[in-house]
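Okay, here's the structure, questions in a sec.
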Amino acid sequence: MKDVRQHIINLRNELREHNYNYYVLDNPTITDYEFDLKLKELQELEEQHPEFYDANSPTQRVGGEITKNFETVKHEHRMYSLDNSYSKEDLLDWEKRIKKMVDGDVFYTCELKYDGASISLTYENGQLVRAVTRGDGFQGDDVTANVKTIKSVPLQLKGDYPPKFDIRGEIVLPFDGFHKMNEERLANGEEPYRNPRNTASGSLKLQDSAEVAKRPLECLLYNLTGNNLGISSQFESLEKARSWGFKVPDAAKLAKSVDEVLEFVNYWDTKRHELPYETDGVVIKVNNLQQQEELGYTAKAPRWAMAYKFKAEQVSTVLNEITYQVGRTGAITPVANLEPVELAGTTVKRASIHNADQIEKLDIRERDTVFVEKGGEIIPKIIGVDLSERPIDSVPTQYITHCPECESELVRTEGDAKHYCPNYNGCKPQIIGRIQHYISRKAMDIEGLGGETVALLVNEGLISNYSDLYELTKEQVIPLERMAEKSADNLINGIEASKNIPFERVLYAIGIRYVGETVAKKLAKHYKSIDNLMNASQEDLENVDEIGVKIAESVKLFFASEENIEIINRLKQFGVQLEISSEELEGQTEILKGQSIVVSGVFEHVSRNELKKLIEDNGGKVSSSISSKTSFVVAGDKMGPSKKDKAEALGISLISEVEFLQKISKTDIFND
Ligand code: AMP
Ligand code: ZN
């Protein structure tokens, strides 16, 4: 018995190594046939001895697990997007901003930007425990069963890996495999897939993991995330990850200057066409992790990284018609309906034209031949008109004057690029759009209710604003198209559960123009309840940190509407959170009110992020660089000398972490 167990373990180790040689190193040392024989032997032994089951055995790569609903998982560390740059000037600007915020030389790791689906893998004690898609960056779908079938994803690590960490990368479908899949589809009389990237991300969401196993996907890794990883630079982390068994392309290079970065970009701009998979640019990262931490993040992206996009591909085609869409805020967006054309691997039929100014500036007309470009966005854009192809009887475009949905006369206010339909309460797309926004993930996140169902509910006359949701009954929704009893239950339960969503998200959900997530948070924190916010004067609103005239006006306008007040009152009656809960209030003070505080260095009792949160919870404002407006600096270990000099020159005081915690009476932290 003991022998069998040992034999199974040996086979697993052996197969793991061959797998690694083949899929990660591209350097097999045995034939496929020999490999299959060993795999088969292991499969049989595991079948006879289920007591030795191992979820991470090489036999598990063939898949078979069916996932009906992918579970939503919150990312322990958020998955950010990247800022884009397009020129040397952009990079120099970026470098200038960085150098203001950190001390010492700045070096950069340059990597290729792989074009696929991003993924976050969690490893514990060397075993893959979870794979989650990026989702909205805060939370994604658990696609572990599918990712396990990707042979270049190690199920068991080797070497001196840390006990727990996340590693991020991109799942790509190399051109070769993509073409093979399409040949097969064509042979079966099926539509070919349009491009490798969408096929890769679509694959992750297949229900049958055995299907995923058949697809030649690869996983390329580029970022380690976790605590106490004992790594001090990005370049080192790539090398480490490689040594633990991950596939980390070796194109990465360390650059000492923007000029060296550009050398890398120029080299790969042509050379990339020889790569087996698609890339759409270069990602440049500040190499030193301590400097990365000092730089931190904006609301969307790390300040320490920058994407440099390769020049987008362009084509020309005929613009058949300009149509107009109405958004949830009533904003009108002109859309170009094009003669279908192939562009960067996809068929393009529509392009966005931002607004009337854009049409005028480029003098875009129907029946024109236009140049279309595809950048990072899903919808391509028109960048110019080929005047030599313009028909003789062409006439300039007349922008619409009335709403295409409700025929109200459009308005355009001073300083606003867009036209708006002012029929707030009577224009269908606006009504539907507002409710769709209300239920969306970042807002009330109502499970069991999707955008299409909202449209259906509105069209059936069952709801006309988001407060009506709370009066819906199961009996009302069951007769709706495609609504099973179970789904009706889910819908009603989802709506009920939204009563627990905290005030700041409700404030975002109700859809006041210009009140996005961040502004909603600020307002919630400052006013603490919708009643206080409603009663605030324009002047009072403008005095809130980072709230400008435009936002203040928009808030006043929203609450000036009787309909809105009534809807809010109804939400209140139904028990939706319209004030900060007492738990949230706890620990919040005004001790640091009006103070602008800079945090620098490494701390002992709290992390840098906790420190920032403490500053905000106590009414202060975190600022990233020292200036004459800085009230004081919380200085940790390893604070850079140039920051110190600057503070000294401006006469700004430095206080220690402990002094700071005492200042806000948060001394309980020392006891844990
Ligand atoms: P974007 O989606 O244009 O904001 O670009 C950000 C995405 O680029 C990230 O979410 C990653 O999935 C992807 N990416 C591809 N290659 C890299 C790389 N080497 N480093 C960081 N991100 C990368
Ligand atoms: Zn309208």
Side-chain angles (χ1 to χ4, degrees), residues 75 77-86 108-121 132-138 140 166-172 197 200-201 204 218-225 234-235 237-238 241 246-253 264-265 268 272 275 277-287 292 297-302 304-310 312 324-333 374-378 400-411 418-434:
H75 295 298
H77 305 272
R78 183 171 154 194
M79 288 178 86
Y80 284 87
S81 169
L82 289 171
D83 285 333
N84 288 323
S85 61
Y86 302 90
Y108 305 97
T109 304
C110 306
E111 295 164 40
L112 290 169
K113 187 165 186 292
Y114 323 111
D115 201 13
S118 23
I119 193 83
S120 180
L121 308 174
V132 183
T133 63
R134 172 185 154 134
D136 64 1
F138 295 96
D166 286 355
I167 186 163
R168 268 105 195 239
E170 202 81 359
I171 291 181
V172 298
R197 191 225 283 155
S201 60
L204 294 183
E218 280 196 25
C219 183
L220 311 173
L221 286 314
Y222 53 71
N223 176 275
L224 283 175
T225 307
Q234 169 64 12
F235 202 79
S237 73
L238 295 178
F246 291 104
K247 186 153 192 162
V248 179
D250 49 20
K253 239 189 144 113
F264 183 88
V265 171
W268 283 106
R272 68 184 168 122
L275 289 169
Y277 41 77
E278 201 154 38
T279 54
D280 61 345
V282 165
V283 185
I284 306 136
K285 301 171 185 170
V286 169
N287 188 46
Q292 284 193 4
Y297 299 82
T298 64
K300 292 207 177 85
W304 45 263
M306 186 59 87
Y308 191 104
K309 291 281 174 87
F310 293 132
Y324 300 85
Q325 272 177 356
V326 188
R328 78 170 160 91
T329 57
I332 306 290
T333 306
K374 196 160 172 186
E377 311 77 25
I378 298 179
I400 50 167
T401 53
H402 290 78
C403 176
E405 299 281 343
C406 73
E407 284 164 19
S408 306
E409 190 171 351
L410 300 179
V411 293
K418 293 214 169 221
H419 286 72
Y420 285 87
C421 165
N423 188 4
Y424 184 86
N425 290 307
C427 183
K428 268 268 172 76
Q430 296 190 51
I431 295 171
I432 294 173
R434 274 197 302 272

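Here, residue 1 is the first one in the sequence, and each next residue gets the next number. Indexing begins at 1, ligand by ligand and atom by atom, following the structure's order.
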message = Rounded to the nearest 0.5 Å, what separates atom NE2 in H419 from atom SG in C403?
response = 12.5 Å
request  = Could you tell me whether ligand 1 has any atom less than 4.0 Å away from a heavy atom of M79?
outcome  = no
task = Identify which of L238, L82, I284 has a heavy atom lying nearest to atom 6 (C) of ligand 1.
result = L82
key: Value rounded to 0.5 Å, distance of NZ in K113 from CG in L220   = 13.0 Å
ask   = Nearest heavy atom to atom 11 (C) of ligand 1: which of Y80, Y114, Y222 does it belong to?
value = Y222
ask   = Quick one: which ligand 1 atoms are inside 4.0 Å of a heavy atom on L112?
value = 16 (N), 18 (C), 19 (N)
note = Nearest heavy atom to atom 8 (O) of ligand 1, choosing from K113, K309, R134, belongs to K113
task = State whether Y114 and R197 meet the cation-pi test: NZ (Lys) or CZ (Arg) under 6.0 Å from the six-membered ring centroid, and within 45° of the perpendicular axis.
result = no
query = Distance from S120 atom OG to R168 atom CZ, nearest 0.5 Å?
reply = 4.0 Å
message = At less than 4.0 angstrom from any non-hydrogen atom of E111, what atoms of ligand 1 do you find?
response = 18 (C), 19 (N), 20 (N)
inquiry  = Quick one, C406 and K428 - any side-chain contact, counting heavy atoms below 4.5 Å?
reply    = no
request  = Show your reasoning for whether side chain to side chain donor-acceptor pair (under 3.5 Å) applies to T109 and N287.
outcome  = CA-CA 5 Å; T109 304; N287 188 46; 2.8 Å; yes
key: SG (C421) to the Zn ion (ligand 2) to SG (C427) angle, given to the nearest 10 degrees   = 110°
